[in-house]
Each structure stands twice: as structure tokens, then as C-alpha cells.
> 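Questions regarding the structure given below will be posed in turn.
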Amino acid sequence: MRKTLGWLLSLVVLIGTTGAAGFTAQAATAAQPAAATDIKDQILGIPGMSLIEEKPYPGYRFFVLNYEQPVDHRQPWKGTFKQRLTLLHKDVSRPTVFFTSGYNVNTNPRRSEPTTIVDGNQVSLEYRFFTPSRPDPANWANLDIWQAASDQHRIFTALKKIYTKNWLATGGSKGGMTATYYERFYPRDMDGVVAYVAPNDVVNTEDSAYDRFFAKVGTKECRDKLNAVQREALVRREPLEAKYAAAAAENGWTFTTVGNLDKAYEAVVLDYVWAFWQYSLLADCAAIPTAATASDQEIWDTVDAISGFSAYADQGLETYTPYYYQAGTQLGSPDIQQPHLAGLSRYGYQPPRNFVPRDIPMTFQPAAMRDVDNWVRKNAHQMLFVYGQNDPWGAEPFHLGYGVRDSYVMIAPGANHGANVAKLLDGEKALATAKILQWAGVAPAAALADAGRAAPLAAPDAQLDQVDLEREPQLRP
């Protein structure tokens, strides 16, 4: 009887165990998610998103995309246009950097400095009205900093559903301005902002800061050498303009927008000193010819190399019409004295209106930059501004007031318009790197405990980490 009872008990336990195991297996199967959707399919599942092409790159997926945007975010029913962007996909578990150049987007894989520091994904956006991201027909009144910030906000809102970790906004020059304006209008979107060499022309009619900059930048020897070449180019206007006319005929350049060849010639020459300091280093002064003994060809060659004689031809201006329109309506533009050119300059620094076709109306809005400047001074939170000591655009920088939180302005010694975190002094470089990691939510414990131990999380990549400066040598950020 005890054996029979034991056998029955064993049978019950066996049946119960088998049943429980079967139930557990079924439950586990039911709980398993379906195979993860490919990242491309997730992105293209966003309404309004379409694929232009995918380009392979080791360790990443890289997509060139179009996104349908309202022409006017205030009246979205009044039509749409396709805005181009790229996506360098690392992993949805990594933070994402939103990069803007303020101009056209590069359709090759690139990685901004913050992206390298946080080892993240990168979304890069083409600025509205830069072709092909231009409405047709183009109502230029819809090109302003709020509309552009709203473009970013819509793209962020759409992609945040996929890339759920922290986001940082970044950009250099006009891209740094763009990142700052985005933060001003949509301060809840980003977890941090890294704005490189971002000009801040608060009062467009007061530009004495630039005059003070050019009076002390570099060394007196270099300043005198550059000024002498610039002056000599105007003294020799007649023979050099003959060269210009020949070059224009050879290359098919026309000068309808600026007005005539003489105005274009002087605009190129007046950019010479500015363009040198924007893109060159003090050491490069050794290659500048001595004006008094230089031939016409040597004067021509140095001005062409640094300022670029194609710059103010219609063909050179066309791509950048949106920038000059914004400079003449909201951003402002510098106007410096250059006393060494007294009696030689016929036009002075010409206003943006001269570089935009006359059929596009322009009215300056002086309150736009004052509003942004005031907001940054009082409300900046987790924002980093990096400037180059010898960059003319840094003569009017952003400033931080007493009410800001966890925000910084840093200056890279001797650096030009390509200043970045890597060019800062060691202490500031470590602090900036640590803050970027912290804002992105990926700071290692060692970096949190000691900023001096902060370092980029991604390995360097010569191709990905190329810096695409807007190197058309015109007077623009």
C-alpha cells in the first residue's frame, strides 16, 4: 500500500512538473518579441520620410534622406517642401548628436567632434532654402531663424521615438548660430548644446569690436604685411581688374547681382585680411608676399588664394543667396573701418543687399538677434560656446549672465575659425569633454569623478572626422 501510494505521488509530481514546464515554455515563447525591425525600415516608417540613398560605412549605417516639412510652420496647410538630411546610425542605445552647418548638408559620412566624444549617432540637416531643400515657389519671407528651428524640432520629434537616449545639438559658425537659435526657441528638446565659433551680432550698426580685433590680432609685422598687400591691390586696381576681366571671360563669370566687375573686385580685396585670419594661422604670414616688391601676378595670386576672385560673381553668390538674405534680414553683417585703405576704397564693406538678387525683397529685423542674445545671457543651460582667439567672427561672441546653469564660453589660443574642443588648453579641454559626456548621459564613472580623465569614447577615424569648413573665401561665417 505504501508502494502504491508512493507511485501515485510520483506520478502526480511528474505530471505537475511536466505541465508547469510546458506552461512556462509557452509563456516564454509568447513573451518573446518579434524579430527587431531593421533600422532603415523604422526610419522610413516615419510619415514624410523618404530614402535618397544608403551608403555603406564600417561600423555604421549611413542614410541620405528627405523629410517633408511645412513651408510655413505657422500655417502648415499652405504647402510642403522636401528637406534633405543625413543619418549616421551607430546604435539606438547610444546618444544622438543633431548637427547643422547652416548651409548645405554633406552627403558623405561625417562625424562632428561631439559625436566622436560620445560615440553616438548623428543627424545632419540641410538648412532650408539651400538647394535642393528649397520650396518652389520660394517665398523668402519663410526663411528665418524660427522657421529653421521649427524644422529641427519636427525632425527631432519624429526621430526621438527611435533614438530615445540623450540628444545634443552642435554646429560650427553659422551652424553654431543655428544650434543656439534652436535652443532658444525649443529649449526642452536637447540635453546640451555645443556651439563652435558662433558669431553674435547683437547690434548690427555697431561693429567697433571688429576694428579692435584687427588692431591687435597676431603680430604687428603680420598685420602690416597683410594690410600692405590689400592696399597695393587697390593701388593697382587698373591692371589687376584687367586680369579679372580676362578671368571672368574665360570662366563665364557675370556680375549682375553685385552690379559690376569693379564692385566685385573691391569686395574680394576688402575680404583679404578678414579671410586670412578666418582660415589661416599666424605662421602662414611668412608666405604672404612683400607688397612693395611683389609683381602684379603675385598680388593677384595671394588675393585669389585667400579671398577668391570667383566669390562675388553671380556664379559664386548663387549657392549662398540664403545666407546673404538672412544676414540682411536677421543675422546682421560686419562693417569694419580699415583706415589703411583711406582714399582707395570706393564702396567700403558692401551690405548683404548687394549680394542678393534685387527681385528678392529684404527688410532688416533688429530685434531678432537682441532676443537671442538676451535669452542666452539669462537662460543658457548646459550650453558650451567655443571660439578661436584669432578668428574675426569671435570678436562679437555670445556672453553668459549670472542666471545661466552649467554653461561655458571657452577660447582656443591661436586658433582660427576651425577652433574646437581639441584645441583648448588642457584644463578646459578636459572640462568641456567631461561636460559633453555628462550631458549625453554616457560619462564613465572615472570622468564623473575627475574631469581630467574624460576622453572621447570613439576611436579617431580620419575619413569620418574630416572637418567640412565652409571654405568659399567670402565674408560669411
Side-chain angles (χ1 to χ4, degrees), residues 103-104 129-132 134 138 140 226-280 284 287-289 291 294-328 333-336 338 340-341 343-360 362 392 469-477:
Y103 296 94
N104 289 107
F129 278 67
F130 281 85
T131 54
R134 181 180 297 180
W140 289 83
L226 292 166
N227 289 348
V229 168
Q230 192 178 40
R231 180 177 174 82
E232 198 67 21
L234 294 183
V235 168
R236 305 189 200 184
R237 188 190 295 254
E238 186 175 346
L240 291 177
E241 282 197 0
K243 283 181 172 291
Y244 198 18
E250 180 180 351
N251 292 286
W253 298 337
T254 55
F255 303 97
T256 303
T257 298
V258 72
N260 55 55
L261 180 145
D262 188 54
K263 284 187 173 182
Y265 177 82
E266 186 168 307
V268 171
V269 172
L270 264 62
D271 278 359
Y272 180 74
V273 173
W274 185 297
F276 175 86
W277 292 112
Q278 181 169 345
Y279 295 112
S280 304
D284 298 319
I288 301 299
S295 66
D296 287 354
Q297 188 63 48
E298 286 174 316
I299 296 293
W300 169 276
D301 288 343
T302 187
V303 173
D304 191 35
I306 291 173
S307 296
F309 278 109
S310 65
Y312 293 101
D314 296 330
Q315 293 72 22
L317 289 172
E318 183 179 12
T319 298
Y320 299 100
T321 297
Y323 163 68
Y324 287 110
Y325 174 86
Q326 286 194 283
S333 60
D335 183 9
I336 60 178
Q338 297 185 301
H340 60 284
L341 302 180
L344 294 173
S345 173
R346 298 171 180 171
Y347 313 106
Y349 260 68
Q350 297 177 57
R353 172 72 275 182
N354 285 20
F355 310 133
V356 177
R358 291 286 166 175
D359 61 347
I360 299 175
M362 294 169 59
L469 282 176
E470 285 295 321
R471 185 54 185 94
E472 288 296 319
Q474 294 166 289
L475 183 58
R476 62 160 197 275

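Note that this is a predicted model, so its numbers are computed, not measured. What's counted below: heavy atoms across the whole structure, side chains too, no hydrogens, waters or symmetry copies. Here, residue 1 is the first one in the sequence, and each next residue gets the next number.
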> Can you name the residues that form a salt bridge (charged side-chain N to carboxylate O under 4.0 Å, His left out) with R237, not counting sequence neighbours?
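For R237, the residues satisfying salt bridge (charged side-chain N to carboxylate O under 4.0 Å, His left out) (neighbours in sequence not counted) are E241, D262, E266.
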> Tell me, please, which residues at least two apart from W140 pass ring pair (Phe, Tyr, Trp, His ring centres under 6.0 Å).
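Applying ring pair (Phe, Tyr, Trp, His ring centres under 6.0 Å) to W140 gives F129, Y325.
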> Can you sort out the partners of R231 under salt bridge (charged side-chain N to carboxylate O under 4.0 Å, His left out), two or more places apart, ordered by chain and number?
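R231: no salt bridge (charged side-chain N to carboxylate O under 4.0 Å, His left out) contacts found.
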> Less than 4.5 Å apart, any side-chain heavy atom of Y323 and any of P477?
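Answer yes - side chains close enough.
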> Check for a donor-acceptor pair, side chain of N354 on one end and backbone N or O of T257 on the other, with a separation under 3.5 Å.
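Between the backbone of T257 and the side chain of N354 there is no qualifying donor-acceptor contact (under 3.5 Å).
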> Can you tell me how far the CZ atom of F130 sits from the OG1 atom of T319, to the nearest 0.5 Å?
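Here the interatomic distance stands at 8.5 Å.
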> I need the minimum non-hydrogen distance between V229 and P289, along with the two atoms involved.
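Nearest pair, atom of V229 first, then P289: CG2-O, 3.4 Å.
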> Is there a side-chain contact between Q350 and V258 (heavy atoms, below 4.5 Å)?
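When only atoms from C-beta onward are counted, V258 and Q350 do touch, with a gap below 4.5 Å.
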> Supply the atom-to-atom distance E232 CD to E298 CD, rounded to the nearest 0.5 angstrom.
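It comes to 11.5 Å.
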> I'd like to know whether the aromatic ring centres of F309 and W253 sit less than 6.0 Å apart in this structure.
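Ring centres of W253 and F309 not closer than 6.0 Å.
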> For a quick test of reading the model, state the closest non-hydrogen atom pair linking T321 to P357 and the distance between them.
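Heavy atoms of T321 and P357 come nearest at CG2-CD, 4.0 Å.
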> Ring centroids only, cut at 6.0 angstrom: are Y312 and F355 within range, meaning strictly under it?
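Yes - the distance between ring centres of Y312 and F355 falls below the 6.0 Å cut-off.
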> Check the side chains of Y272 and T302 for a donor-acceptor pair under 3.5 angstrom, ignoring hydrogens and angles.
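Yes, because at least one side-chain N or O of T302 sits under 3.5 Å from a partner of the opposite role on Y272.
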> Measure the shortest side-chain to side-chain distance between F255 and N260 over non-hydrogen atoms and say whether it is less than 4.5 angstrom.
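A side-chain contact is absent here, since even the closest heavy-atom pair is not under 4.5 Å.
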> Drop me the distance from S310's OG to L317's CG, to the nearest 0.5 angstrom.
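If I round to the nearest 0.5 Å, the distance is 9.5 Å.
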> Between Q230 (side chain) and L270 (backbone), is there a donor-acceptor pair under 3.5 Å?
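Present.
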> With a 4.5 Å heavy-atom cut-off, do W277 and L226 have their side chains touching?
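Yes, their side chains come closer than 4.5 Å.
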> With side chains defined as the heavy atoms from C-beta onward, is the minimum distance between S307 and W274 less than 4.5 Å?
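Of all side-chain heavy-atom pairs linking W274 with S307, none is under 4.5 Å.
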> Flag the pair R134 / P322 as yes when at least one side-chain heavy-atom distance between them is below 4.5 Å, and no otherwise.
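Yes; the side chains approach each other to less than 4.5 Å.
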> Do R346 and K263 have side chains that approach each other closer than 4.5 Å (heavy atoms only, starting at C-beta)?
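With C-beta onward as the side chain, the pair stays apart.
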> Do T254 and Q315 have a side chain donor and acceptor closer than 3.5 Å?
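Short answer, yes.
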> Within the 4.5 Å heavy-atom criterion, are Y349 and Q338 side-chain neighbours or not?
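Answer yes - side chains close enough.
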